[in-house]
Amino acid sequence: MEDIKREVFIRDEEDTRDFGHQLAKQCRPGTVIGLIGDLGTGKTTLTKYIAEGLGIEETITSPTFTIVREYREGRLPLFHFDIYRITNPEDLFEIGADEYFYGSGVCVVEWADQALSALPEDSLLIFMEYAEEEKGRRYRCTF
């Protein structure tokens, strides 16, 4: 599933905002975006800007303990998953993730590497890593 099509260098939060807004413009019902990266690489921050790009004004917080948070006020609903604590990809189906994945909104899945086999085949994956440059990030994207 890791077929890198492009790399994007993110210098700062403004670059993250721009990338998130551009990504939001491409989103359609059923878009699933998987974010993969270490702690602190900006998964929740990018999600915040995707949400903003969708017209969602609510504060975006990590759903670590609830697994999924729903935001329904934008151009499309956003379903924000944090699956860090999922140990078996099949557990996602027990919480009804497939209804979200194939529904009318956009799903952003933090820690997507925990359950790649459960994500739709056409999911947009972003591998987020620290760049050699101080404070920078590198996004390796499958789209």
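What you see below is based on every heavy atom in this structure, not just the backbone, and it leaves out hydrogens, waters and symmetry mates.
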Q: Measure the CD1-OG1 distance between I4 and T142 for me, rounded to the nearest 0.5 Å.
A: 6.5 Å
(Q) Please determine whether residues V108 and L124 belong to a single hydrophobic cluster, defined as Ile, Leu, Val, Met, Phe, Trp and Tyr linked transitively by side-chain heavy-atom distances below 4.5 Å. (A) yes
Q. Are Y49 and Y139 connected, step by step, through hydrophobic side chains (Ile, Leu, Val, Met, Phe, Trp, Tyr) whose heavy atoms are closer than 4.5 Å?
A. no
(Q) Tell me the closest heavy-atom pair linking V109 and L119, and the distance in Å. (A) CG2-CD2, 4.2 Å
Q: Treat each ILVMFWY residue as a node, draw an edge where side-chain heavy atoms are under 4.5 Å apart, and state whether V68 and I50 are in one component.
A: no
Q: Look at the rings of F101 and F81 and say which category their plane angle falls in: under 30° parallel, 30 to 60° tilted, over 60° perpendicular.
A: tilted
**Q.** Within 6.0 angstrom of F143 CZ, more than 12 heavy atoms from elsewhere
**A.** yes
Q.
Please report the interatomic distance CD1(I60) to NE2(H80), rounded to the nearest 0.5 Å.
A. 7.5 Å
**Q.** Approximate separation, where rounding is to 0.5 Å, of T66 OG1 and R69 CZ
**A.** 4.5 Å
Q | Stepwise side chain to side chain contact (heavy atoms under 4.5 Å, CB included) check, Y130 with R137 | A | CA-CA 5 Å; Y130 293 103; R137 303 287 189 273; 3.5 Å; yes
**Q.** Verify same cluster id: I33, V8 (apolar side-chain graph, 4.5 Å)
**A.** yes
Q. Would you say the side-chain atoms of T44 pair up with the backbone N or O of S62, donor to acceptor, closer than 3.5 Å?
A. no
Q | F93 side chain near E99 side chain, heavy-atom distance below 4.5 Å | A | no
Q.
Please find the pair of heavy atoms, one from V32 and one from P120, that lie closest to each other, and give the distance.
A. CG2-CG, 3.9 Å
(Q) Could you check whether any side-chain N or O of R17 sits under 3.5 Å from a backbone N or O of E52, counting only pairs where one atom can act as donor and the other as acceptor? (A) no
Q: Return the minimal non-hydrogen interatomic distance between L78 and A51, and the atom names on each side.
A: CD2-CB, 3.6 Å
Q) How long is the span from the CD1 atom in I86 to the CG atom in D91, to the nearest 0.5 Å? A) 5.0 Å
**Q.** Least distance between heavy atoms, Y100 atom then I95 atom
**A.** CE1-O, 4.4 Å
Q. Do E13 and T45 have a side chain donor and acceptor closer than 3.5 Å?
A. no
Q) Are the side chain of K43 and the backbone of D38 linked by a donor-acceptor contact shorter than 3.5 Å? A) yes
Q: Give the intermediate values and the outcome of side chain to side chain contact (heavy atoms under 4.5 Å, CB included) for residues E14 and F19.
A: CA-CA 9 Å; E14 187 174 323; F19 184 86; over 6 Å; no
Q: Taking all heavy atoms of T16 and all of I10, pick out the closest pair and write down the distance.
A: OG1-CG2, 3.2 Å
(Q) I need the minimum non-hydrogen distance between G37 and W111, along with the two atoms involved. (A) O-CZ3, 3.3 Å
Q: Give a yes or no on whether the backbone of Y84 and the side-chain of Q114 come within a donor-acceptor separation of less than 3.5 Å.
A: yes
Q) When you measure from the side chain of E73 to the backbone N and O of E58, does any donor-acceptor pair fall under 3.5 Å? A) yes
Q | Rounded distance [0.5 Å steps], NE2 in H21 versus CG in L54 | A | 9.0 Å
Q: Please round to the nearest 0.5 Å and tell me the distance separating atom CD of E110 and atom CD1 of I36.
A: 12.0 Å
Q) Can L125 be reached from I83 by stepping across I, L, V, M, F, W or Y side chains whose heavy atoms are under 4.5 Å apart? A) yes
Q.
For T31 and R28: C-alpha separation, side-chain torsions, deciding distance, then whether side chain to side chain contact (heavy atoms under 4.5 Å, CB included) applies.
A. CA-CA 6 Å; T31 298; R28 302 288 173 259; 4.1 Å; yes
Q: Evaluate the criterion side chain to side chain contact (heavy atoms under 4.5 Å, CB included) for residue pair C27 and R75; output intermediate values, then yes/no.
A: CA-CA 10 Å; C27 289; R75 174 176 70 83; 4.2 Å; yes
